[in-house]
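Following: one structure in structure tokens, then a few remarks.
One is the number of the first residue; the rest follow in order along the sequence. Just so you know, these numbers come straight off a predicted model, no measurement behind them. In what follows, every heavy atom counts, from backbone to side chain, and hydrogens, waters and symmetry copies are set aside.
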Amino acid sequence: MAKRDYYEVLGVSKDATEDEIKSAFRKKAKEFHPDINKSPDAPEKFKEAQEAYACLSDKDNRAKYDQFGHAAFENPYGGSGGTGGAYQGNPFGNFDFGDIFDDLFSGGFGGFSGFGGSSKSSSRARKGSDTLYGMQIDFMDAVYGCKKDIDLEYYEECEDCDGKGGHGESTCSECGGRGVVIKQTNTILGTIQTKTTCPECKGTGKTYKSKCNKCRGNGKVKVSKTITIDIPAGIDNGEQLRLAGKGEAGINGGPNGDLYIEIRIKPHEYYQRKGNDIYLEVPVTITDLCLGCKKSIKTMDGLVDLKIKEGTQPGDVLRIKGKGIDNKDSWKKGDFYCVLKLIIPTSLSRKQKNILEELEETDLEDSREFDNFYKLNE
């Protein structure tokens, strides 16, 4: 049977990039791998995709193929072409698919027979997981900043062995320091290189005469410490502070993860925050609004005299510029807003009632316009 065009096998165009070819092979490999696809023709399709990728992923071979097609690799004297095929009909030798199968299968399928799919990922040094710590602080602590102590348990490098896990270090004789051992396996798919984590050094490439007693070979020890956290002025609800290296321990000698402290701010009895602005309800009387007055307001920068003009209405919002929150991460300091809240007395003296009754008999301009509006609509 004549071989299909390699580009057709992978489902890509002839001007496909290297990344597009690799991505296409990943999809085909995942679709037809015999450990996943149990159909009778899966091994042959998988082998076909392997051969196509082995050719098109190599620049020289691809150039030859683009010029001469399959004839570029045919041996006129019989047998497989090239420098000794991995299986009959494969002209590209023992092509190493190890890296692409590591990427393809280590995340969700584990290691497949013949490919060592999880060996690379299992021996690779990886950063530990990040952790989240919730901290509640007072409103004013968030405004002005503060220091807080927290008790933490985390892993740090073992001082006795400098984080190596043992003493008397030497290069692993089994793997030569690579951390993996490579073997060739004959399968129905041909001769395939197999990578497995070195059983002698567990993938580190190093062996030791003696294991560290303090860390028991882990290279890290668990410690309990009280750490002082600097809470910056102006921090807002839900913001996070990062402490590098205070998260979970790394894997295979990798660095610790990070600790993130999420800030939760207790509500204030009087102040409300919106961004870097502060809002405050200011109680006023009818005479304050009618005649005007001054109120002493406690802002974030201290006491400020607020002038209320005569005729000001209930619910009006007066701004005191630049007296809100000073957030160093913001280019603009916040403002302070006073929301005027009219307070109606619940009990009046006889004298106060007489005064209000006299006021009611006066002809107020605003009241007259309102009465006229209703008369027009009768």
Side-chain angles (χ1 to χ4, degrees), residues 132-150 228-242 260-349 352-353 355-356 359-360 362 364-371 373:
L132 183 65
Y133 181 98
M135 175 183 288
Q136 189 175 56
I137 62 175
D138 291 332
F139 187 92
M140 289 303 180
D141 285 339
V143 172
Y144 300 116
C146 63
K147 294 181 182 292
K148 295 288 185 181
D149 290 338
I150 58 173
T228 301
I229 307 299
D230 287 317
I231 309 295
I235 194 168
D236 207 349
N237 197 50
E239 289 187 13
Q240 295 180 349
L241 303 175
R242 174 175 168 265
Y260 288 87
I261 300 176
E262 185 170 283
I263 300 299
R264 295 296 175 186
I265 302 173
K266 297 178 183 177
H268 194 273
E269 185 178 3
Y270 301 109
Y271 298 126
Q272 286 189 336
R273 178 176 178 175
K274 295 182 180 179
N276 291 331
D277 297 329
I278 296 293
Y279 287 76
L280 174 68
E281 280 191 346
V282 178
V284 291
T285 65
I286 186 65
T287 54
D288 290 336
L289 299 178
C290 291
L291 304 178
C293 67
K294 284 185 178 181
K295 293 281 187 180
S296 184
I297 304 298
K298 187 176 182 181
T299 70
M300 302 298 100
D301 285 342
L303 295 176
V304 173
D305 286 335
L306 176 69
K307 184 177 180 180
I308 300 176
K309 297 179 180 180
E310 60 181 50
T312 301
Q313 299 300 306
D316 281 358
V317 180
L318 306 182
R319 183 179 72 152
I320 305 176
K321 188 176 180 180
K323 297 300 180 181
I325 293 176
D326 188 6
N327 189 335
K328 302 302 181 184
D329 293 333
S330 176
W331 64 273
K332 181 183 177 183
K333 188 174 180 179
D335 297 326
F336 195 99
Y337 292 91
C338 298
V339 183
L340 303 184
K341 182 179 180 181
L342 176 62
I343 304 299
I344 303 297
T346 56
S347 61
L348 296 172
S349 66
Q352 290 171 327
K353 288 182 179 180
I355 294 173
L356 289 176
L359 179 63
E360 186 180 19
T362 61
L364 298 176
E365 183 177 351
D366 291 345
S367 176
R368 189 188 324 122
E369 291 181 1
F370 188 77
D371 291 341
F373 170 78

Positive for side-chain contact (heavy atoms from CB on, under 4.5 Å) with Ile297, one of Leu280, Leu318, Asp305: Leu280
Relative to the ring of Tyr271, is the ring of Phe139 parallel (under 30°), tilted (30 to 60°) or perpendicular (over 60°)? parallel
With sequence neighbours excluded, residues passing side-chain contact (heavy atoms from CB on, under 4.5 Å) with Lys321: Arg319, Asp335
Under the salt bridge (charged side-chain N to carboxylate O under 4.0 Å, His left out) test, residues paired with Asp236 that sit two or more places apart: Arg273
Got Lys266 and Asp141 here, is their nearest side-chain heavy-atom distance under 4.5 Å? no
Between Ile263 and Asn237, is a side chain to side chain contact (heavy atoms under 4.5 Å, CB included) present by the stated rule, with each step listed? CA-CA 6 Å; Ile263 300 299; Asn237 197 50; 5.6 Å; no
Working to the nearest 0.5 Å, report the span between CG of Asp138 and NE2 of His268. 9.0 Å
Under 4.5 Å between any side-chain heavy atoms of Thr287 and Cys293, yes or no? no
By ring-ring contact (aromatic ring centres under 6.0 Å, His included), which residues pair with Tyr144, not counting sequence neighbours? none
With a 4.5 Å limit on heavy-atom distance, are the side chains of Ile343 and Val284 in contact? no
What's the spacing between Thr312 OG1 and Leu342 CG if we round to 0.5 Å? 12.0 Å
Side chain to side chain donor-acceptor pair (under 3.5 Å) partners for Lys323, two or more places apart: none
Asp301: what forms a side chain to side chain donor-acceptor pair (under 3.5 Å) with it, not counting sequence neighbours? Lys333
Let me confirm one number: the CG-CD distance from Leu132 to Glu262, rounded to the nearest 0.5 Å. 5.0 Å
Those residues that, when tested against Lys341, pass salt bridge (charged side-chain N to carboxylate O under 4.0 Å, His left out) (two or more places apart): Glu281
Qualifying ring pair (Phe, Tyr, Trp, His ring centres under 6.0 Å) pairs, either residue in residues 277-322, two or more places apart: Tyr279-Tyr337
Looking at every heavy atom in both Gly315 and Val339, which two are closest together, and how far apart are they? O-CG1, 4.4 Å
Return the set of residues passing side chain to side chain donor-acceptor pair (under 3.5 Å) with Lys147 (not counting sequence neighbours), or none when no residue passes. Asp230
Can you name the one residue among Val282, Ile308, Val304 that meets side-chain contact (heavy atoms from CB on, under 4.5 Å) with Cys338? Val282
Of all residues at least two apart in sequence or in a different chain, which pass the side-chain contact (heavy atoms from CB on, under 4.5 Å) check with Ser349? Lys351, Gln352
How would you list, by chain and number, every residue that makes a salt bridge (charged side-chain N to carboxylate O under 4.0 Å, His left out) with Lys298, sequence neighbours excluded? none
Donor-acceptor pair, Gln240 side chain versus Gly238 backbone, under 3.5 Å? no
Looking at Gln136, I'd like to know if its CD atom is crowded, meaning that more than 12 non-hydrogen atoms belonging to other residues, nucleotides or ligands lie closer than 6.0 Å. yes
Check: Lys295 and Asp288 side chains under 4.5 Å, non-hydrogen atoms: yes
d(Leu306 CG, Thr299 OG1) to nearest 0.5 Å is 11.0 Å
Go through the steps for Ile231 and Lys148 under the test side chain to side chain contact (heavy atoms under 4.5 Å, CB included), then give the verdict. CA-CA 7 Å; Ile231 309 295; Lys148 295 288 185 181; 4.2 Å; yes
Checking Glu310 now: which residues fulfil side chain to side chain donor-acceptor pair (under 3.5 Å) with it, not counting sequence neighbours? none
In chain order, what residues pass the salt bridge (charged side-chain N to carboxylate O under 4.0 Å, His left out) check against Asp316, with sequence neighbours excluded? none
